[in-house]
Amino acid sequence: MTGRVARGPAQAGKPGAFWIGAAIAAASLGTPPAIHAQNRISVAFAVTEPRGELARGIDTFNGPSVTWLRDVGSSRRWAWGLTAVGGEYGAADRPAPLPGFHARTGSSLVFVLAVLQLERATSAVQPYLQATAGYGSFTTATTVWCDDCTYALAETDHEEGTFVAGGSGGLRLRVYQRARAPAGTVEGPTASPAAEPLRIDLDFAVRYLRGGEAGYLPGDPVLTEQGTIRMDDRIEESLQVLQYQVGLSVAF
């Protein structure tokens, strides 16, 4: 004859409740205290070359690039973040509609992109790959004036944006690294066995971006039969660029 075994409090609940609770508790512990996710800030000079149809009417842009990245987990291989790239080219003179008249056009590009990065975790030389997607804005402004004029005869400022996506490859070369602090030297409520190193790198990258159709005005003014000045008709072309970047990055 066999008796029934009473179920204790630990057995009375649902079978999966214990394991779900254990998984939540383990996840809340985060990464080991000796390895923390780091942030990285990169500041670079970027040269942006229009490609495809856009290259027929637009010159090369020069401007700054700023990127923020944060490690995903503690492997040092994956990171995510944001990058912003701006650029403009020096104002270009356009054909004047009449003798004694002048026309000048300036253009600018701005990209704001989300970044997912895969890199070599630890080395004095760190190659990396990035996937990027976000928004690109293109602006064209043209002004027409004459030698005897005290004000502009005609002005236009056209802006349009589109979704862009692409990828990049780069290489970081270590310039400086402060060694980890020995275990036990960090005190206080956030004490950990070792502090993360501060690292400074030279950063080189090439990025390709492509988006949808973006409209712009070439800027060549035309004198109409009515004696007024009209800018060239609006043109729509695929926003496609190749960027070259060189700068410094700091991981902390």
Side-chain angles (χ1 to χ4, degrees), residues 26-49 61-88 109-137 164-210 241-252:
S28 67
L29 295 177
T31 58
I35 302 177
H36 301 282
Q38 283 193 288
N39 293 286
R40 179 180 292 275
I41 300 294
S42 299
V43 178
F45 175 76
V47 176
T48 302
E49 288 187 355
F61 294 78
N62 301 310
S65 171
V66 179
T67 303
W68 166 77
L69 292 169
R70 182 170 176 82
D71 292 337
V72 177
S74 59
S75 68
R76 293 284 189 274
R77 294 190 179 279
W78 291 94
W80 66 275
L82 295 170
T83 185
V85 184
E88 62 180 13
L109 279 171
V110 176
F111 297 99
V112 179
L113 309 166
V115 180
L116 179 62
Q117 175 178 279
L118 172 64
E119 70 175 4
R120 184 174 181 179
T122 56
S123 174
V125 179
Q126 291 187 333
Y128 61 88
L129 297 173
Q130 294 179 345
T132 55
Y135 183 80
S137 175
V164 295
S168 63
L171 190 69
R172 298 193 189 99
L173 305 178
R174 183 188 301 168
V175 175
Y176 168 81
Q177 180 168 309
R178 184 185 65 195
R180 291 170 179 262
T185 60
V186 182
E187 300 178 354
T190 59
S192 62
E196 292 303 309
L198 172 70
R199 173 172 172 152
I200 301 176
D201 301 275
L202 284 174
D203 197 339
F204 305 90
V206 178
R207 173 183 290 142
Y208 174 77
L209 293 171
R210 183 164 188 166
V241 299
L242 189 64
Q243 295 178 332
Y244 305 92
Q245 298 183 181
V246 57
L248 285 176
S249 69
V250 180
F252 55 95

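If you're wondering where the values come from, they're calculated on a predicted model, not measured in any experiment. Here, residue 1 is the first one in the sequence, and each next residue gets the next number.
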Task: Leu198/Val250 under side-chain contact (heavy atoms from CB on, under 4.5 Å): CA gap, chis, key distance, verdict - done: CA-CA 7 Å; Leu198 172 70; Val250 180; 3.6 Å; yes
TODO: Please test Val164 against Tyr135 for side-chain contact (heavy atoms from CB on, under 4.5 Å), starting from the C-alpha separation and ending with a verdict.
DONE: CA-CA 6 Å; Val164 295; Tyr135 183 80; 6.0 Å; no
- [ ] Show the numbers, then the answer: is there a side-chain contact (heavy atoms from CB on, under 4.5 Å) between Phe61 and Val47?
- [x] CA-CA 6 Å; Phe61 294 78; Val47 176; over 6 Å; no
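Here the side chains of Trp80 and Trp68 are in contact, with some heavy-atom distance below 4.5 Å. For the pair Pro127 and Glu119, the minimum side-chain heavy-atom distance is 4.5 Å or more. In this structure the side chain of Arg77 reaches within 4.5 angstrom of the side chain of Leu118, judged on heavy atoms. Between Gln245 and Phe204, every side-chain heavy-atom pair lies at or beyond the 4.5 Å cut-off. Side-chain contact between Asp203 and Leu248 is absent, with no heavy-atom pair separated by less than 4.5 Å. Considering only heavy atoms from C-beta on, Val241 comes within 4.5 Å of Leu109 through its side chain. Put simply, the side chain of Leu209 reaches to within 4.5 Å of the side chain of Gln243, judged on heavy atoms.
Atoms OG and CZ, from Ser249 and Arg174 in turn, are 12.0 Å apart once rounded to the nearest 0.5 Å. Annotation: the span from Ile41 atom CD1 to Ile200 atom CD1 amounts to 13.0 Å, rounded to 0.5 Å. Within the model, atoms OG of Ser42 and CG of Leu202 stand 11.0 Å from one another, a figure rounded to the nearest 0.5 Å.
Asn62 meets the side-chain hydrogen bond (donor to acceptor under 3.5 Å, both in side chains) test with no other residue; sequence neighbours excluded. With sequence neighbours left out, Arg40 forms a salt bridge (Lys or Arg N to Asp or Glu O under 4.0 Å) with Asp201. Thr132 meets the side-chain hydrogen bond (donor to acceptor under 3.5 Å, both in side chains) test with no other residue; sequence neighbours excluded. In terms of the salt bridge (Lys or Arg N to Asp or Glu O under 4.0 Å) criterion, Arg207 has no residue partners (sequence neighbours excluded). Partners of Trp78 according to the side-chain hydrogen bond (donor to acceptor under 3.5 Å, both in side chains) rule, which considers only residues two or more places apart in sequence or in another chain, do not exist here.
Closest non-hydrogen pair, Ala205 versus Tyr128, comes out as CB-OH, 3.4 Å. When every heavy atom of Leu69 is checked against every heavy atom of Ala79, the shortest pair comes out as CB-CB, 4.3 Å. The shortest non-hydrogen separation linking Val85 to Ser65 is CG2-OG, 3.6 Å.
Side-chain contact annotation: Thr67 with Thr83, donor-acceptor N/O pair under 3.5 Å present.
The side-chain tip of Arg199 does not point at the ring of Phe252 from less than 6.0 angstrom away and within 45° of straight on.
The stretch residues 128-137 participates, sequence neighbours left out, in no salt bridge (charged side-chain N to carboxylate O under 4.0 Å, His left out) pair at all.
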